[in-house]
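Written out below as C-alpha coordinates is the structure these notes cover.
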Amino acid sequence: HLAMFDWMFPGPAFNQALLASETIALELDMLDPDIQRRLAAAASVPPAHAERQPIGDELAAQLKRQVAAACVDAAALARFSPLMQVMTLSVLAARGDGLDPAFGIDVFLAGFARGAGKKVVSLETPESQMQALLGGDAAQTQAIVLQGLADLEAGRTAPRLMQVAKVWSDSDLDKLANYAQWCECMDKPEDLAFYRRLLEGRNPLLAERIAQLHASSQGVFAAVGALHMIGPLALPTLLRERGFRVERVEFRR
(Lines give C-alpha, C1' and ligand atoms only; values in the text may rest on other atoms or scores of the structure.)
Protein backbone atom coordinates (compact mmCIF):
# COMPACT_ATOMS: atom_id res chain seq x y z
CA HIS A 1 0.00 0.00 0.00
CA LEU A 2 3.12 2.20 0.16
CA ALA A 3 5.70 2.25 -2.60
CA MET A 4 8.44 4.14 -4.38
CA PHE A 5 7.59 5.78 -7.69
CA ASP A 6 9.73 3.34 -9.72
CA TRP A 7 7.97 0.32 -8.19
CA MET A 8 4.70 1.14 -9.91
CA PHE A 9 5.98 -0.04 -13.29
CA PRO A 10 5.48 -3.82 -13.72
CA GLY A 11 8.22 -6.15 -14.89
CA PRO A 12 7.68 -8.72 -17.68
CA ALA A 13 6.39 -11.62 -15.52
CA PHE A 14 4.09 -9.33 -13.57
CA ASN A 15 2.80 -7.66 -16.73
CA GLN A 16 2.17 -11.00 -18.47
CA ALA A 17 0.12 -12.24 -15.49
CA LEU A 18 -1.94 -9.05 -15.46
CA LEU A 19 -2.73 -9.19 -19.16
CA ALA A 20 -3.63 -12.89 -18.98
CA SER A 21 -6.18 -12.30 -16.20
CA GLU A 22 -9.82 -11.45 -16.68
CA THR A 23 -10.33 -10.05 -13.18
CA ILE A 24 -8.10 -7.89 -10.97
CA ALA A 25 -8.99 -8.37 -7.30
CA LEU A 26 -7.78 -5.95 -4.63
CA GLU A 27 -8.44 -5.65 -0.92
CA LEU A 28 -10.38 -2.51 -1.83
CA ASP A 29 -10.68 -0.83 -5.22
CA MET A 30 -9.63 2.66 -4.15
CA LEU A 31 -10.57 4.18 -7.53
CA ASP A 32 -14.22 3.23 -7.02
CA PRO A 33 -16.09 6.36 -5.82
CA ASP A 34 -18.52 4.27 -3.79
CA ILE A 35 -15.64 2.52 -2.00
CA GLN A 36 -14.02 5.89 -1.29
CA ARG A 37 -17.24 7.28 0.16
CA ARG A 38 -17.99 4.25 2.32
CA LEU A 39 -14.40 4.03 3.56
CA ALA A 40 -14.44 7.67 4.66
CA ALA A 41 -17.78 7.15 6.39
CA ALA A 42 -16.60 3.98 8.15
CA ALA A 43 -13.40 5.67 9.34
CA SER A 44 -15.11 8.83 10.61
CA VAL A 45 -16.30 9.41 14.14
CA PRO A 46 -19.92 10.61 14.21
CA PRO A 47 -20.26 13.92 16.12
CA ALA A 48 -22.47 12.20 18.70
CA HIS A 49 -19.63 9.78 19.50
CA ALA A 50 -16.76 12.26 19.52
CA GLU A 51 -16.84 12.57 23.30
CA ARG A 52 -16.18 8.81 23.55
CA GLN A 53 -12.73 9.25 22.00
CA PRO A 54 -10.84 11.07 24.80
CA ILE A 55 -7.05 10.73 24.73
CA GLY A 56 -6.00 13.29 27.33
CA ASP A 57 -4.36 16.67 26.95
CA GLU A 58 -0.79 15.41 26.60
CA LEU A 59 -1.61 12.93 23.83
CA ALA A 60 -3.82 15.51 22.13
CA ALA A 61 -0.87 17.93 22.09
CA GLN A 62 1.41 15.24 20.64
CA LEU A 63 -1.17 14.45 17.99
CA LYS A 64 -1.49 18.12 17.10
CA ARG A 65 2.30 18.40 16.69
CA GLN A 66 2.43 15.37 14.41
CA VAL A 67 -0.45 16.62 12.28
CA ALA A 68 1.38 19.93 11.81
CA ALA A 69 4.67 18.15 11.02
CA ALA A 70 2.97 16.00 8.37
CA CYS A 71 1.47 19.07 6.64
CA VAL A 72 -1.95 17.48 6.33
CA ASP A 73 -5.41 19.02 6.58
CA ALA A 74 -5.99 19.09 10.32
CA ALA A 75 -9.74 19.68 10.01
CA ALA A 76 -10.17 16.74 7.63
CA LEU A 77 -8.08 14.45 9.82
CA ALA A 78 -10.02 15.48 12.93
CA ARG A 79 -13.11 13.69 11.56
CA PHE A 80 -11.37 10.41 12.33
CA SER A 81 -10.80 8.66 15.65
CA PRO A 82 -7.42 9.21 17.36
CA LEU A 83 -6.34 5.70 16.32
CA MET A 84 -7.21 6.36 12.68
CA GLN A 85 -5.38 9.69 12.83
CA VAL A 86 -2.24 8.04 14.22
CA MET A 87 -2.43 5.27 11.61
CA THR A 88 -2.76 7.86 8.84
CA LEU A 89 0.21 9.85 10.14
CA SER A 90 2.26 6.66 10.43
CA VAL A 91 1.54 5.73 6.81
CA LEU A 92 2.72 9.19 5.72
CA ALA A 93 5.87 9.18 7.86
CA ALA A 94 8.29 7.99 5.15
CA ARG A 95 7.24 10.35 2.36
CA GLY A 96 10.52 12.22 2.76
CA ASP A 97 12.32 9.00 1.83
CA GLY A 98 10.17 8.50 -1.26
CA LEU A 99 7.80 5.93 0.22
CA ASP A 100 4.32 7.26 -0.44
CA PRO A 101 0.74 5.89 -0.48
CA ALA A 102 0.22 7.86 -3.69
CA PHE A 103 2.52 5.30 -5.36
CA GLY A 104 0.76 2.31 -3.81
CA ILE A 105 0.79 -0.82 -5.95
CA ASP A 106 -2.92 -1.45 -5.41
CA VAL A 107 -3.78 2.02 -6.72
CA PHE A 108 -1.62 1.38 -9.78
CA LEU A 109 -3.31 -1.97 -10.35
CA ALA A 110 -6.77 -0.40 -10.16
CA GLY A 111 -5.76 2.12 -12.82
CA PHE A 112 -4.03 -0.48 -14.99
CA ALA A 113 -7.07 -2.74 -14.90
CA ARG A 114 -9.37 0.03 -16.03
CA GLY A 115 -7.04 1.02 -18.84
CA ALA A 116 -6.76 -2.60 -20.01
CA GLY A 117 -10.51 -3.18 -19.86
CA LYS A 118 -10.27 -5.66 -16.99
CA LYS A 119 -12.91 -6.25 -14.34
CA VAL A 120 -11.93 -4.80 -10.95
CA VAL A 121 -13.38 -6.22 -7.74
CA SER A 122 -12.89 -5.59 -4.02
CA LEU A 123 -12.21 -8.63 -1.87
CA GLU A 124 -13.45 -6.84 1.26
CA THR A 125 -15.88 -4.10 2.17
CA PRO A 126 -14.78 -0.76 3.61
CA GLU A 127 -16.90 -1.49 6.67
CA SER A 128 -15.25 -4.84 7.41
CA GLN A 129 -11.77 -3.42 6.89
CA MET A 130 -12.43 -0.52 9.27
CA GLN A 131 -13.92 -2.90 11.83
CA ALA A 132 -10.68 -4.88 11.76
CA LEU A 133 -8.65 -1.70 12.17
CA LEU A 134 -10.75 0.05 14.80
CA GLY A 135 -12.51 -2.85 16.52
CA GLY A 136 -10.33 -3.20 19.63
CA ASP A 137 -11.48 -2.36 23.13
CA ALA A 138 -10.79 1.04 24.72
CA ALA A 139 -7.68 -0.06 26.62
CA GLN A 140 -6.08 -1.67 23.57
CA THR A 141 -6.89 1.34 21.41
CA GLN A 142 -5.44 3.78 23.96
CA ALA A 143 -2.23 1.76 24.19
CA ILE A 144 -1.80 1.63 20.41
CA VAL A 145 -2.41 5.38 20.08
CA LEU A 146 0.13 6.04 22.84
CA GLN A 147 2.77 3.81 21.24
CA GLY A 148 2.10 5.14 17.74
CA LEU A 149 2.54 8.73 18.85
CA ALA A 150 5.68 7.86 20.80
CA ASP A 151 7.18 6.23 17.71
CA LEU A 152 6.30 9.23 15.55
CA GLU A 153 7.76 11.69 18.09
CA ALA A 154 10.97 9.65 18.39
CA GLY A 155 11.38 9.29 14.62
CA ARG A 156 11.09 5.49 14.69
CA THR A 157 8.15 5.11 12.30
CA ALA A 158 9.78 6.03 8.99
CA PRO A 159 12.84 3.74 9.40
CA ARG A 160 10.55 0.83 10.23
CA LEU A 161 8.45 1.46 7.14
CA MET A 162 11.59 1.66 5.04
CA GLN A 163 12.84 -1.63 6.47
CA VAL A 164 9.60 -3.42 5.57
CA ALA A 165 9.66 -1.82 2.12
CA LYS A 166 13.21 -3.01 1.51
CA VAL A 167 12.33 -6.57 2.53
CA TRP A 168 9.44 -6.44 0.06
CA SER A 169 11.48 -4.89 -2.77
CA ASP A 170 14.26 -7.45 -2.22
CA SER A 171 11.69 -10.30 -2.36
CA ASP A 172 13.18 -11.51 0.94
CA LEU A 173 10.33 -13.82 1.93
CA ASP A 174 12.41 -15.57 4.59
CA LYS A 175 13.01 -12.32 6.45
CA LEU A 176 9.41 -11.26 5.98
CA ALA A 177 8.31 -14.57 7.52
CA ASN A 178 10.24 -13.57 10.67
CA TYR A 179 8.57 -10.16 10.80
CA ALA A 180 7.48 -10.56 14.43
CA GLN A 181 11.12 -10.99 15.53
CA TRP A 182 12.45 -7.73 14.06
CA CYS A 183 9.55 -5.32 13.57
CA GLU A 184 9.43 -4.22 17.24
CA CYS A 185 5.67 -4.04 16.81
CA MET A 186 4.38 -7.16 18.59
CA ASP A 187 6.20 -7.03 21.90
CA LYS A 188 3.09 -6.16 23.93
CA PRO A 189 -0.18 -8.12 24.23
CA GLU A 190 -2.23 -5.26 22.78
CA ASP A 191 0.13 -4.99 19.79
CA LEU A 192 -0.15 -8.72 19.10
CA ALA A 193 -3.95 -8.60 19.39
CA PHE A 194 -4.04 -5.66 16.97
CA TYR A 195 -1.82 -7.49 14.46
CA ARG A 196 -3.91 -10.64 14.60
CA ARG A 197 -7.16 -8.74 14.16
CA LEU A 198 -5.85 -6.53 11.36
CA LEU A 199 -4.11 -9.24 9.33
CA GLU A 200 -4.76 -12.83 10.38
CA GLY A 201 -8.39 -12.05 11.19
CA ARG A 202 -9.05 -10.92 7.63
CA ASN A 203 -7.20 -13.69 5.80
CA PRO A 204 -9.98 -16.33 5.86
CA LEU A 205 -12.38 -13.94 4.13
CA LEU A 206 -9.72 -12.94 1.57
CA ALA A 207 -9.02 -16.59 0.80
CA GLU A 208 -12.71 -17.41 0.46
CA ARG A 209 -13.36 -14.48 -1.89
CA ILE A 210 -10.34 -15.35 -4.06
CA ALA A 211 -11.55 -18.95 -4.29
CA GLN A 212 -15.03 -17.79 -5.29
CA LEU A 213 -13.61 -15.52 -7.99
CA HIS A 214 -11.45 -18.32 -9.42
CA ALA A 215 -14.52 -20.50 -9.67
CA SER A 216 -16.41 -17.89 -11.68
CA SER A 217 -13.74 -16.07 -13.70
CA GLN A 218 -11.32 -16.82 -16.51
CA GLY A 219 -8.18 -15.99 -14.57
CA VAL A 220 -7.85 -13.83 -11.44
CA PHE A 221 -4.96 -11.59 -10.46
CA ALA A 222 -5.39 -10.97 -6.73
CA ALA A 223 -3.14 -8.50 -4.92
CA VAL A 224 -2.98 -8.02 -1.14
CA GLY A 225 -0.56 -6.49 1.34
CA ALA A 226 2.68 -8.40 1.88
CA LEU A 227 1.99 -9.18 5.55
CA HIS A 228 -1.03 -11.28 4.53
CA MET A 229 1.48 -13.76 3.07
CA ILE A 230 3.10 -14.86 6.35
CA GLY A 231 2.13 -16.49 9.63
CA PRO A 232 0.06 -19.57 10.56
CA LEU A 233 -3.00 -18.14 8.83
CA ALA A 234 -1.12 -16.85 5.79
CA LEU A 235 -3.13 -16.46 2.63
CA PRO A 236 -1.06 -19.05 0.66
CA THR A 237 -1.65 -21.57 3.46
CA LEU A 238 -5.40 -20.97 3.45
CA LEU A 239 -5.55 -21.27 -0.35
CA ARG A 240 -3.65 -24.57 -0.25
CA GLU A 241 -6.23 -25.83 2.24
CA ARG A 242 -8.89 -24.97 -0.35
CA GLY A 243 -7.22 -27.14 -2.96
CA PHE A 244 -5.08 -24.58 -4.80
CA ARG A 245 -1.54 -25.31 -5.92
CA VAL A 246 0.47 -22.35 -4.65
CA GLU A 247 3.88 -21.63 -6.18
CA ARG A 248 6.21 -18.76 -5.55
CA VAL A 249 7.48 -16.91 -8.62
CA GLU A 250 11.14 -15.93 -8.32
CA PHE A 251 11.80 -12.53 -9.89
CA ARG A 252 15.12 -11.87 -11.58
CA ARG A 253 17.02 -8.91 -10.12
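Below, each value reflects all heavy atoms present in this structure, side chains not excepted, and no hydrogens, waters or symmetry copies.
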Write down the atom of F194, the atom of L133, and the distance for their closest heavy-atom approach.
CE1-O, 3.4 Å
Hey, can you tell me if W182 and Y179 have their rings parallel, tilted or perpendicular (30° and 60° cut-offs)?
perpendicular
If hydrophobic clusters are built by linking Ile, Leu, Val, Met, Phe, Trp and Tyr wherever their side-chain heavy atoms come under 4.5 Å apart, do L198 and I144 end up in the same one?
yes
Using a strict 4.0 Å threshold on nitrogen-to-oxygen distance, state whether D191 and K188 make a salt bridge.
no
To the nearest 0.5 Å, what is the distance between CG (L2) and CG (D97)?
11.5 Å
Can a donor-acceptor pair be found, under 3.5 Å and without considering hydrogens, that links the side chain of S217 to the backbone of H214?
no
Shortest non-hydrogen separation from K175 to D172 and the atoms involved
N-OD1, 3.1 Å
One should read off an interatomic distance between C185 SG and Y195 OH, to the nearest 0.5 angstrom, of 8.0 Å
Taking all non-hydrogen atoms of both residues, which atom of D100 and which atom of R95 are closest, and how far apart?
OD2-CG, 3.5 Å
Between CE of M162 and CG of L99, what distance do you get to the nearest 0.5 Å?
5.5 Å
L89 and A70: which non-hydrogen atoms are nearest, and at how many Å?
CD2-CB, 3.7 Å
With heavy-atom distances below 4.5 Å as the criterion, would you say the side chains of F108 and P10 are in contact?
yes
Just grab all the salt bridge (Lys or Arg N to Asp or Glu O under 4.0 Å) pairs involving residues 131-152, residues at least two apart or on different chains.
D151-R156, D151-R160
State, yes or no, whether a side-chain contact exists between V224 and L235 at a heavy-atom distance under 4.5 Å.
yes
Before giving the answer on side-chain contact (heavy atoms from CB on, under 4.5 Å), spell out for I24 and F112 the whole-Å C-alpha distance, their side-chain angles and the decisive distance to 0.1 Å.
CA-CA 9 Å; I24 309 299; F112 177 97; 5.6 Å; no
According to a 4.5 Å side-chain heavy-atom criterion applied to Ile, Leu, Val, Met, Phe, Trp and Tyr, with indirect links allowed, do F244 and L206 form part of one hydrophobic cluster?
yes
Check for me, please, whether I210 and L109 land in the same ILVMFWY cluster - side-chain distances under 4.5 Å, paths through other members count.
no
Would you call L63 and L59 a side-chain contact if the rule is heavy atoms closer than 4.5 Å?
no
Let me confirm one number: the CD-CG distance from Q85 to L77, rounded to the nearest 0.5 Å.
4.5 Å
Give the intermediate values and the outcome of side-chain contact (heavy atoms from CB on, under 4.5 Å) for residues F9 and F14.
CA-CA 9 Å; F9 303 96; F14 195 92; over 6 Å; no
For the residue pair F103 and F5, categorise the inter-ring angle as parallel (less than 30°), tilted (30 to 60°) or perpendicular (more than 60°).
perpendicular
Quick check on the hydrophobic clustering: are M130 and V145 connected, directly or via other members, by side-chain heavy-atom contacts under 4.5 Å?
yes
Is the shortest heavy-atom distance from the side chain of D73 to the side chain of V67 under 4.5 Å?
no
Is any side-chain heavy atom of D32 closer than 4.5 Å to a side-chain heavy atom of V120?
no
Are L152 and L83 grouped together when hydrophobic residues (ILVMFWY) are joined by side-chain heavy atoms under 4.5 angstrom apart?
yes
Carboxylate-amine/guanidinium proximity below 4.0 Å for E124 and R209
no
Contact summary for I105 and A3, nearest pair of heavy atoms
CD1-CB, 3.9 Å
Assess the residue pair I230 and N178 against the criterion (side-chain contact (heavy atoms from CB on, under 4.5 Å)); give the C-alpha distance rounded to whole Å, side-chain angles, the decisive distance to 0.1 Å, and a yes or no.
CA-CA 8 Å; I230 61 173; N178 293 316; over 6 Å; no
Within the side chain of S90, is there an N or O that forms a donor-acceptor pair under 3.5 Å with the backbone of V86?
yes
On a heavy-atom basis, which atom in K118 and which in S21 lie closest, and how many Å separate them?
NZ-O, 2.8 Å
Rounded to the nearest 0.5 Å, what's the gap from CD on E58 to CG on L149? Could you check?
10.0 Å
Main-chain N/O of M30 paired to Q36 side chain as donor or acceptor, under 3.5 Å:
yes
Any heavy-atom pair between the side chains of L26 and L123 that's under 4.5 Å?
no
Scan for salt bridge (Lys or Arg N to Asp or Glu O under 4.0 Å) pairs involving residues 226-245, sequence neighbours excluded, and state none if there are none.
E208-R242, R245-E247
Which salt bridge (Lys or Arg N to Asp or Glu O under 4.0 Å) pairs, counting each pair once, include a residue from residues 6-29, with sequence neighbours left out?
E27-R202, D29-R114
CE of M4 to OG of S169: how many Å apart, nearest 0.5 Å?
7.5 Å
Can you find a heavy atom in the side chain of I35 that is under 4.5 Å from one in the side chain of S122?
yes
Determine whether L134 and M84 make a side-chain contact, defined as any pair of heavy atoms from C-beta on separated by less than 4.5 Å.
yes
Are there over 12 heavy-atom neighbours, none belonging to E153, within less than 6.0 Å of that residue's CD?
yes
